[in-house]
Structure formats: C-alpha cells, structure tokens
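This report concerns only the one structure given below.
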Amino acid sequence: MPKTLTYKILANHLVSGELKPGNEIGIKIDQTLTQDATGTMAYLQFEAMGIPKVKTELSVSYVDHNTLQQGFENADDHAYLRTVASKIGVRFSRPGNGVCHQVHIERFGVPGKTLLGSDSHTPTGGGIGMIAIGAGGIDVAVAMGGGAFNLIAPKVTKVMLTGKLRKWVSAKDVILHVLSIVSTKGNVNTVLEYCGDGVKYLSVPERATITNMGAETGVTTSIFPSDHITKEFLKAQNRVSSWQELKADEDAQYDKIIEIDLSKVVPMAALPHSPGNVVKVSEIAGKKVDQVAIGSCTNSSLWDLMVVGNILKGKNVDPKTDLIIAPGSKQVFSMISKNGILTDMIDAGARIMESACGFCIGNGQSPKTDAVSVRTNNRNFEGRSGTRSAGIYLVSPETAALCALKGEFVDPLSMKEKDFPEIDMPENFDIDDSMILLPSEKPEQVQIMRGPNIGNPPKNVPLKETLEGEIVIKVGDKITTDHIMPAGVRLKYRSNIEKYSEFVFEGVDPDFSRNALKVKQSSKAVFIVAGESYGQGSSREHAALCPMYLGVKAVFARSFERIHSANLVNFGILPLVFVEPSDYDKLNKKDEIAMKNILRSLDKNENIILELSNGSKIKMSYSLSDRQKAIIKAGGLLNYTKNN
Ligand code: MIC
Ligand code: SF4
C-alpha cells in the first residue's frame, strides 16, 4: 500500500502496537535532545533509573534557556548538566553555542531518523525530514535508556504547497497562514506533512521555521521531504553523507488535504495573546511599535539574519523603538560577524544578545507597560514576555526589521520588489564544533557536580481506590503551560521543585500553591477544573511535576493538549474529561469531591464518577492506554519503570 512519508519513518522504527491511526504505538528513538530548563530533571530521572550509559545513536544536552546566570542557580545547573553528560555518554552544547533546535538542525539532524526532545519545538527537525517530537523530560530519559517512545499513531494531513513566495513574504508568513486555517486547537494526534511543487523553493531553514511553529497548532509533528535542497544544506554543513532522498509514495492516502499557493501568501501577524490570532500585516499597518525582538528557534538562521541586516544597512532604528537581535547559533553569529552584517546591525542601533532563547522565554528584555512588542518567535501567551500588560505580535523577520526602522507596523508588500535585498548565501557554512563537548572516554572517573540548586526528583505514591478532596482552582479555556508554571524570572528554580512549586498558577491565582499545600497537609486530594485545550504550549513537565508535589491528583477538563496530558500521566495525575461538557459549569472552586472505585473503573474501562457534596454526580471519561493506566496506578513513570 502506498505510504505517507510519516508512516514510512514510523514503520521503520515501530517496536510495538499496530501502525493504524488512533492506536498506541511504541517507536525506537535514534536521537534525543534536551535543553537546560527541562534537562536537569530529565538527567536526574535518568540517573534514578540506574542505567549507566545512554543507548541512543546520539544524545545532545543543550544549554540555551537559562543563560543569564543571575545568582548561582543557573551556573549550578550548567555544571551538573556538563558533568552528567560527560559521564553517561551525551554530547554537551555549551552555553553560547546556540538555541537547541537551530544547532541540532545545523549539526546533527539526519533525514529519516527519529528525534525525541524535551522541548515542544523539537519538530523543527521535521524541516530536514526527521520525525522529531517534543515530550516531557522523563519520556526523553526513558528513550535515552533505550526504551520506546509511546504515542498515538497519528492522522496525517497533506499540506500541498504550490507556487513560489513573493519577495518580502517568507516562511513565517506561511506557518502563520497555516495557523489561520487549522488554529491552535483540535489538531492533537495529527502530523502535518508538506509536499507539492512549492517545496523546492523553500530552503531547509525556511522549512524548519514552518515545522517549528507547527507546535503551536498542537500537532504531534510536521515534516518535509528530504530532497536536493536538503542535500545542498547538508553539503554546506559538511554532512552530506547523512543525506538520503525521502518522500511520500505517489498515491499515499491522507486524512485531510490543505492546499496553499505560496504566491498568494501575504505577510501575516499573530496578535496578542495567541499564535492563532492571525491577521494580515496590512490590517495593522501604521500601529505604533515600542519594541522589536528578532531571534528564537523560529527565525534566527543565517538567511533570516542576512535579510534583517540588509534591510537595516545604512539606516537607523526609530528613536522610540528598541531593537533586539539574538542570532540562533554560534555558527550564525560568527558568520554574520565575519561578513560584516553584524556591524550593519550594530550601526543601525540594534542591541545584540547572545545566541540563546533569551527574550522568547521572558529571560530579559521584558517590554515596558502596555507595550506593543513585535517578535519573530513562536509564542505570545499573556505574561510570557515578563510584562503582563504588554501585547506581543508574532511576525516574519522582514516585517520585524521594517517595524524597527519605522517605529510602526509596515506591510512588507508596500515595499518595492526590487528593493528586497540581494543576498548571496555562502556555499559552505563555517564549521566549528568546539563548543560541543564529547562525552568522557573514562566515565568512571567523572565526578557529577551537584550544587545546592540540584534537588532530587520528588516521589509520588500509587493511586488509591478512593480519592476525597477539594477543587483548589477553576480555570477557563486554552490555559497554557506558561499559565500553570511560569518561566521568565522563575526559570532558575527548574531544578528545585520545592521552591519552583511556590509559583504554580502564580499569574492566575497567586494563592494557589499555599491553598493546595494546606489541602494536601489535611490528607485530602487537590483537584483542578479546566476548560478546553488545557496545557497548550510547552513540553515543560514541571507543569505536572510541581502540581504533583502540591498534591494534585486529578485535572477535570473539557479537553487536554497532547504533551501536557502525557506529562500528567507520567507524574501520576489523572487527566479526566467531562462526558457532558456543560458539567464544567457545575463545578466551582472549594467544592468537595469524592471519587470512588477509581482503580476498578480504570480496569473495566468505565467512566469515573465525581460525587459532589450536594449529592449530584458527574461522569468523567479518559483516553488512556493500558500502559498509561498502569503508570498512573504506580504513581507515575518513574515508579512504573522501576517496577517493570
Ligand atoms: C517554550 O518555548 O515554552 C520552552 C521554554 O522552550 C518550553 C520548554 C520549557 O518550558 O523548558 C517548550 O517549548 O517546551
Ligand atoms: Fe527557546 Fe523560545 Fe525556542 Fe522555546 S520557543 S526553545 S524558549 S527559542
């Protein structure tokens, strides 16, 4: 039977289950990546599994999120990550070497391989023809130990690209256009597979921009074929031996088809506070802009920054607008420095940041009160920038550069075609992997460094037949992991769960953590009530781990996002869905709830019943595989892995 590219790669890696959409399958993982903000927990969990050395073909530990090092905490994390990597056979990408996804695609991505990363933008690797999936740190730890990664065999949507992008329109506009079609919800357990004639006009970094931000649609991953463009990219990275041609079979069947004529795509922007609020830039032209930030794993390739630098060349940034630029990797940084584009940026008035996530995760450059901040990154959730009242607008590098010069929104299509900069891309990139440390050849001699910021992962207890407890918070739709577990200035506590837990739901209900602990101390369970798409956004398992620490035993929601619901399971928290969505309205903060016969119901695949103190009952369903039920019963994946 003719196959999609997605199913060809999945079939090559299948270790369990039947490869049919909707079934739970297990796949072998060839490569893993972690970043520092999720990595410390992943490696602590790996250590707790008692496996001496990773069993993957390649595992890389990146440091890119927490690089500000205000206080000792980040530096403690880095020292732990460097030494544990050296001991267990993982490469270590030093702080300063760049954002994990950008570096991974440059130096390690291989068409046809599987990549699991403890970061939701791991699908960036789909730009080079990998099946690249984001997951919680503990799933990555299991994969490093040689265990399969379990997922629901996805439905595949064909995104058929025809035509060629006009000058001043770029890959970011394509993915924002896709978001305007598929939105940020309802796409769980789907893969977006790009094909068609238009693909050949997109470079690998442009494809990576598109697959990167596919994460915002909620899909499992996105993928492009591996063709002569992929080969050229790998050649320029001196890695052509990693290339193989890969594409879907001619008559492959897709679940859905979306057609996009690239020549008709126009510059787009996502308005605050969701990547799905997409409009044409022409609709907001003239709106004043306070800050522009260019970089992140979505748009910081050499091409992106060459375009930006050439637009800025010989001009000055508007006096009332700040321009911040963070190159995606040391390779990009070094190349724009050598070819003089960096000087053009500095001369134009740009503030240059190190190659790291920085502003994207709210680690510095928080905009002023009520600011309009225009950014090339992928998320604009409320408060993520560090300034709750600011509105973040997501755009292409072209739009961002023009906004910085004029101090207001400019539709790039108002520019003349002939004024688009002529850019000569080099045939070869500068290769220098000296910032990637190889693991030790004498691991027995490596001492793992654990400063006071490195705590042990907290333990959970097996699930009980009956839970009695209280609803400590009720939230609405589209609650993101940034709402549940803020990053920014709190990011430095990622390795210290007790401290980090103080900030759960900080921006939604500052008393949540204290109230939850009180309920836990009175030996009752803590419950959360939520609307649709609970847990959108990042893969941070802390959004499950810290609630677990605070005594959360179940979340009652209208629907869940994929990575977050997997993380809840991994930490022994029940993700339950209202059978009758309107029952959401019957539950309130402080309600006392009893759940009986939980284990029996799970065994029999029956609904779980919530008993309210007023006598009424609410039916909750769940979509859990037998393996997931066993994990929840054991009190989480760590306990389960130890027992099996
Ligand atoms: C993000 O973009 O939200 C992050 C920060 O990269 C997260 C990971 C994290 O929270 O550490 C993600 O995308 O998974
Ligand atoms: Fe880093 Fe932002 Fe990319 Fe997340 S989305 S990996 S914070 S650059």
Side-chain angles (χ1 to χ4, degrees), residues 33-42 61-68 74 77 81 93 95 98-105 116-125 132-137 139-140 172 175 208-209 211-216 218 221 275 293-301 304 324-329 332 353-365 375-381 383-386 392 394 480-488 490-495 500 503 535-546 561-564 566-567:
L33 72 78
T34 56
Q35 40 88 339
D36 50 308
T38 53
T40 47
M41 273 301 138
S61 169
Y62 293 91
V63 176
D64 53 2
H65 281 61
N66 279 315
T67 52
L68 273 187
N74 299 164
D77 285 358
L81 289 167
S93 173
V99 181
C100 55
H101 309 302
Q102 175 68 25
V103 178
H104 205 86
I105 209 155
L116 192 72
S118 61
D119 190 282
S120 65
H121 291 104
T122 304
T124 312
I133 304 178
D139 282 324
V140 176
K172 180 60 149 290
I175 185 61
T209 294
T211 57
N212 169 285
M213 226 181 140
E216 275 49 69
T221 190
I294 298 174
S296 93
C297 57
T298 322
N299 277 122
S300 58
S301 66
D304 287 332
I324 292 139
I325 301 179
S329 66
V332 173
M353 302 292 142
E354 71 173 320
S355 292
C357 300
F359 64 82
C360 175
I361 186 60
N363 224 347
Q365 276 66 53
R375 299 178 170 212
T376 63
N377 55 284
N378 44 38
R379 291 193 171 138
N380 57 351
F381 303 142
R384 180 175 160 106
S385 67
I392 310 297
L394 307 177
T480 69
T481 50
D482 279 281
H483 289 109
I484 306 170
M485 206 55 267
R490 307 301 185 200
L491 206 52
K492 64 180 183 181
Y493 300 121
R494 282 284 173 95
S495 312
Y500 199 31
F503 309 110
Q536 279 193 350
S538 104
S539 69
R540 67 189 68 150
E541 61 189 4
H542 295 77
L545 179 54
C546 294
E561 286 300 307
R562 174 187 68 89
I563 306 182
H564 186 60
N567 283 339

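All values below come from the heavy atoms of this structure, side chains included, with hydrogens, waters and symmetry mates left out. Just so it is clear, the structure is predicted and the values come from calculations on it, not from any experiment. Order of listing sets the numbers, starting from 1, for every ligand and every atom in it.
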Query raised in the report: In the shown structure, where waters are left out, how many protein N, O or S atoms lie under 2.8 Å from atom 2 (Fe) of ligand 2?
Result: 1
Query raised in the report: Partners of T376 by side chain to side chain donor-acceptor pair (under 3.5 Å), sequence neighbours excluded?
Result: none
Query raised in the report: So, do D77 and D36 sit near enough that their side-chain heavy atoms are less than 4.5 Å apart?
Result: no
Query raised in the report: Do V332 and S355 come within less than 4.5 Å of each other through their side chains, counting heavy atoms only?
Result: no
Taking all atoms of both residues into account, what is the closest heavy-atom pair of [X] and [Y], and its distance?
X    : Y    : result
T122 : G117 : OG1-CA, 3.3 Å
N66  : K492 : OD1-N, 4.1 Å
A215 : S120 : CB-O, 3.5 Å
T298 : D304 : O-OD2, 4.2 Å

Query raised in the report: What does the list of residues with a heavy atom under 4.0 Å from ligand 1 look like, ordered by chain and number?
Result: Q35, A37, T38, H65, D119, S120, H121, I361, R379, R384, R494, S538, S539, R540
Query raised in the report: Tell me the salt bridge (charged side-chain N to carboxylate O under 4.0 Å, His left out) pairs involving residues 536-546, sequence neighbours left out?
Result: D482-R540
Requested in this report: Describe, in one word, how the ring planes of H104 and Y62 are oriented to each other, choosing from parallel (under 30°), tilted (30 to 60°) and perpendicular (over 60°).
Outcome: perpendicular
